[in-house]
Amino acid sequence: MPSEAVTASSLAERIDAAARQLESRVIAWRRDLHEHPELGNREFRTAGVVAEHLRRLGLDEVRTGVAHTGVVGLLVGALPGPVVALRADMDALPVSEEVDLPFASKARTTWNGEEVGVMHACGHDAHTAILMGVAEVLAGLRAQLRGSVKFVFQPAEELPPEGEEGGAQMMVAEGALENPVPQAIFGLHVTSRLPLGVIGCRPGPTMASSDRFSIVVHGRQTHGAMPWFGVDPIVTSAQVVLGLQTIVSRGVDISREPAVVTVGMIKGGVRENIIPESVEMRGTIRTFDEPTRDDIHERVTTMAEAISRGSRAGCTVCIRKNYPVTVNDPRLTEQVLPTLDRVAGPGKLLEIPKVTGSEDFSFFQRVVPGVFFFLGVVPPGEDHMTVAPNHSPRFFVDERSLVVGVRALAHVACDFLETGAKPEPAGALAGAAQARSTLAA
Ligand SMILES: [Zn+2]
Ligand SMILES: [Zn+2]
C-alpha cells in the first residue's frame with residue numbers, strides 16, 4: 001500500500017535527521033562516560049546517568065537496580081505492534097588508559113583485591129551513549145512508532161568481580177526480558193577490527209562460548225637433586241599442557257567448527273633446587289557449539305587426570321562455564337541485513353568470520369531470537385589489522401562511528417516493528433552478498 005510505504009520511508013528519514021541532530025550530544029555523553037569508567041557491578045554513576053536520561057525522555061517505564069546496576073526502559077509507541085529489545089553494556093575494564101585524550105580516564109579502583117586503573121577499553125561507553133541516543137531518537141518519534149522498544153542497559157559484561165553474580169544472565173533471571181516479552185533483541189559492539197562505519201554481521205554462531213578451567217597437579221615435594229624421592233608436578237604439568245594442545249589439533253573436527261584450548265597461567269615452585277608439592281594451571285576454552293563444548297570439557301578432564309596418573313601424581317580439574325555461544329538467529333539475521341546494508345552504505349556491510357572472543361549477549365539470545373553485530377571504529381588512514389585492539393590501553397574509538405551506531409539500532413528496531421518477525425523474501429541478502437565478495441578479496 002503506497003500510503004504505508006510513504007509512512008515507512010518518512011519514518012526512516014526522520015530517524016536519520018534526528019540522529020544527525022543528536023550526534024554532538026551522543027559524543028558528549030560518550031566522553032563523559034569515558035572519563036568516568038566503572039567496573040562490573042559498580043556502574044553506579046553510569047546507571048544514574050542512563051536512568052536520568054530515560055526518565056527525562058518520558059519513557060513509560062524505567063526500572064533500575066536490575067542485576068545490581070542495570071537499567072531497563074520501556075517506550076510504548078502510539079501504534080499497536082510487537083516488542084523489540086535493544087541492549088548496551090555499561091562496564092569498563094581494569095586497564096590503565098594510555099590514549100592521549102582530554103577526556104582520558106584517570107580513574108583507579110580496587111578489583112579482586114588489587115589496585116588497578118579503569119578504562120573503557122572495550123568501548124562499552126560508546127554502546128551506552130549510542131543506546132541513550134537511540135532512546136532519544138525513538139522517544140521523539142513515539143507518535144509514528146509501532147509497538148514498543150525495551151532498552152536494556154546491562155552491567156558486568158566483562159564478568160562480575162569474583163564471588164559475585166551479574167551481567168546478562170542475572171538480568172534475565174531478574175525479569176529484564178519479561179513484561180513485556182520482546183520478540184527480538186539486538187545489540188552491537190564497537191571493534192578495532194573494522195574500519196570506521198563498517199558494519200560486520202553473520203548468521204548462526206558468531207562469538208565463541210567461553211569457559212575457564214583450573215588444573216592442580218599434586219606431586220610430592222622433594223630435593224631438586226633427588227627427584228626419585230618425590231613426584232614432580234612441574235614435569236607432569238608440562239606434559240599436561242602439551243596433552244591439552246592435542247585436544248583441538250587431534251580430536252576436534254575443525255573443518256566443521258573451530259575451537260581453542262589455551263593455558264594462560266602456570267604457577268609452581270619457589271626455588272631452583274626444590275621440586276614443589278603442586279602446580280596450578282589456568283586456561284580458557286572457546287567453542288562454537290554445545291556438543292563440542294561438552295566434548296572438550298570431558299577431554300580436558302580425562303587428559304589431565306590420565307597424564308597425572310601416568311606420572312603417579314594426583315590431579316584436580318575444575319571447569320567453570322562462563323558464556324554460551326553467541327548465536328545470531330539465521331532468519332532474523334536475514335531480516336535485518338538489508339536494514340544494516342542501508343544504514344552502512346554501499347559496500348560497508350560485511351559478513352564477518354567467527355570471533356573467538358565471547359559475549360554474554362548470548363544469555364539474552366537463549367530467551368528470545370537475537371542478532372549481535374559489529375561496528376568499525378578505526379579512523380581512516382589507520383590499519384584495522386594492526387591498530388591497538390579492544391582491551392588494549394591504547395584502544396581508540398573514532399567518534400564518527402557513534403551516529404552510525406545510533407542509526408543502525410534505531411532503524412533495526414523500527415524495521416522490525418514495522419515488518420514483525422517475518423522472514424524477508426529471498427534476495428534480501430543481495431547487499432550482503434556483495435560484502436561477502438569484498439571480504440573474500
Ligand atoms: Zn571486552
Ligand atoms: Zn565488550
Side-chain angles (χ1 to χ4, degrees), residues 8-9 11-23 25-27 29-30 75 84-89 123-141 145 149-153 182 184-203 206 326 328-329 332-352 359 361 364 369-378 397-419 424 428-429 431-432 435:
S9 84
L11 182 61
E13 280 162 21
R14 278 174 205 192
I15 289 173
D16 285 338
R20 259 196 313 277
Q21 230 177 12
L22 203 59
E23 181 173 9
R25 286 177 56 216
V26 174
I27 291 172
W29 296 332
R30 184 258 164 175
L75 174 67
V84 66
L86 302 173
R87 174 268 207 170
D89 42 9
H124 299 183
D125 51 339
H127 306 165
T128 305
I130 286 170
L131 195 55
M132 285 167 67
V134 176
E136 179 143 353
V137 167
L138 297 184
L141 298 169
L145 196 67
V149 187
K150 191 170 248 197
F151 300 93
V152 179
F153 290 88
I185 184 163
F186 301 100
L188 63 74
H189 207 300
V190 294
T191 177
S192 61
R193 286 293 165 257
L194 289 173
L196 172 65
V198 170
I199 294 176
C201 190
R202 60 172 292 116
T206 296
T326 304
N328 283 344
D329 183 87
L332 191 61
T333 309
E334 192 172 334
Q335 193 178 334
V336 300
L337 283 178
T339 305
L340 293 177
D341 193 40
R342 200 179 73 228
V343 168
K348 287 184 144 188
L349 171 67
L350 301 183
E351 179 168 332
I352 50 158
E359 245 295 334
F361 187 77
F364 296 123
V371 175
F372 194 69
F373 58 92
F374 296 89
L375 173 63
V377 296
V378 178
V397 170
D398 187 321
E399 291 169 331
R400 285 172 290 181
S401 61
L402 300 183
V403 70
V404 183
V406 172
R407 290 176 54 235
L409 285 178
H411 281 293
V412 161
C414 280
D415 287 359
F416 179 83
L417 294 176
E418 289 288 327
T419 58
E424 286 284 317
L429 284 156

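The figures here come from the full heavy-atom set of this structure, side chains too, leaving out hydrogens, waters and symmetry mates.
- Ala408 and Leu340 get closest at one heavy-atom pair: CB-CD2, 4.2 Å.
- When each of Leu337, Thr333, Val412 is checked for a side-chain contact (heavy atoms from CB on, under 4.5 Å) with Val371, only Thr333 meets the rule.
- Panel note: side chain Arg202, backbone Ile352; a donor-acceptor pair is recorded below 3.5 Å.
- Looking at Phe361 and Asp89, their side chains never come closer than 4.5 Å, going by heavy atoms from C-beta outward.
- Residue pairs meeting the salt bridge (charged side-chain N to carboxylate O under 4.0 Å, His left out) criterion with at least one member in residues 129-138, sequence neighbours excluded, are Arg25-Glu136, Arg56-Glu136.
- With a 4.5 Å cut-off on side-chain heavy atoms, Val378 and Leu196 do not count as touching.
- When all heavy atoms of Leu22 and Gly133 are compared, the closest pair comes out as CD2-O, 3.3 Å.
- Proximity of Leu138 to Phe151: side-chain heavy atoms (C-beta onward) are separated by under 4.5 Å at one or more points.
- Heavy atoms only, all atoms of each residue included: Ala413 and Val84 are closest at CB-CG1, 3.9 Å.
- Taking NE2 of His124 as the reference point, atom CZ of Arg30 lies at 12.5 Å (rounded to 0.5 Å).
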Take Leu332 and Phe416 through the side-chain contact (heavy atoms from CB on, under 4.5 Å) test and state the conclusion after the steps. CA-CA 9 Å; Leu332 191 61; Phe416 179 83; 3.8 Å; yes
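- In this structure, Asp329 contributes its side chain and Gly370 its backbone to no donor-acceptor pair below 3.5 Å.
- In this structure, the separation between CD on Glu359 and OG1 on Thr206 is 11.0 Å, given to the nearest 0.5 Å.
- Here the shortest heavy-atom pairing between Val336 and Phe186 reads CG1-CE2, 3.4 Å.
- Closest heavy-atom contact between Val403 and Arg20: CG2-N, 4.3 Å.
- Contact check for Leu141 versus Leu11: side-chain heavy atoms found under the 4.5 Å cut-off.
- Annotation: side chain to side chain donor-acceptor pair (under 3.5 Å) contacts involving residues 401-415, sequence neighbours excluded, comprise Asp16-Arg407, Asp16-His411, Thr339-Asp415, Arg342-His411, Arg342-Asp415.
- Remark: Leu402 CG to Met132 CE distance equals 12.0 Å, nearest 0.5 Å.
- Lys348 places none of its side-chain heavy atoms less than 4.5 Å from the side chain of Val404.
- Without hydrogens or angle criteria, Thr191 side chain to Val377 main chain gives no donor-acceptor distance under 3.5 Å.
- Here the straight-line distance linking atom CG of Leu131 with atom CZ of Arg87 works out to 10.0 Å at 0.5 Å rounding.
- In plain terms, the two heavy atoms of Cys201 and Asn328 that are nearest each other are SG-ND2, 4.1 Å.
- Between Ile199 and Leu188, every side-chain heavy-atom pair lies at or beyond the 4.5 Å cut-off.
- Put simply, CG on Asp398 and CG on Leu375 are 10.0 Å apart, with the number rounded to the nearest 0.5 Å.
- Note that the NE2 atom of His189 and the CG atom of Leu194 stand 12.5 Å from one another [nearest 0.5 Å].
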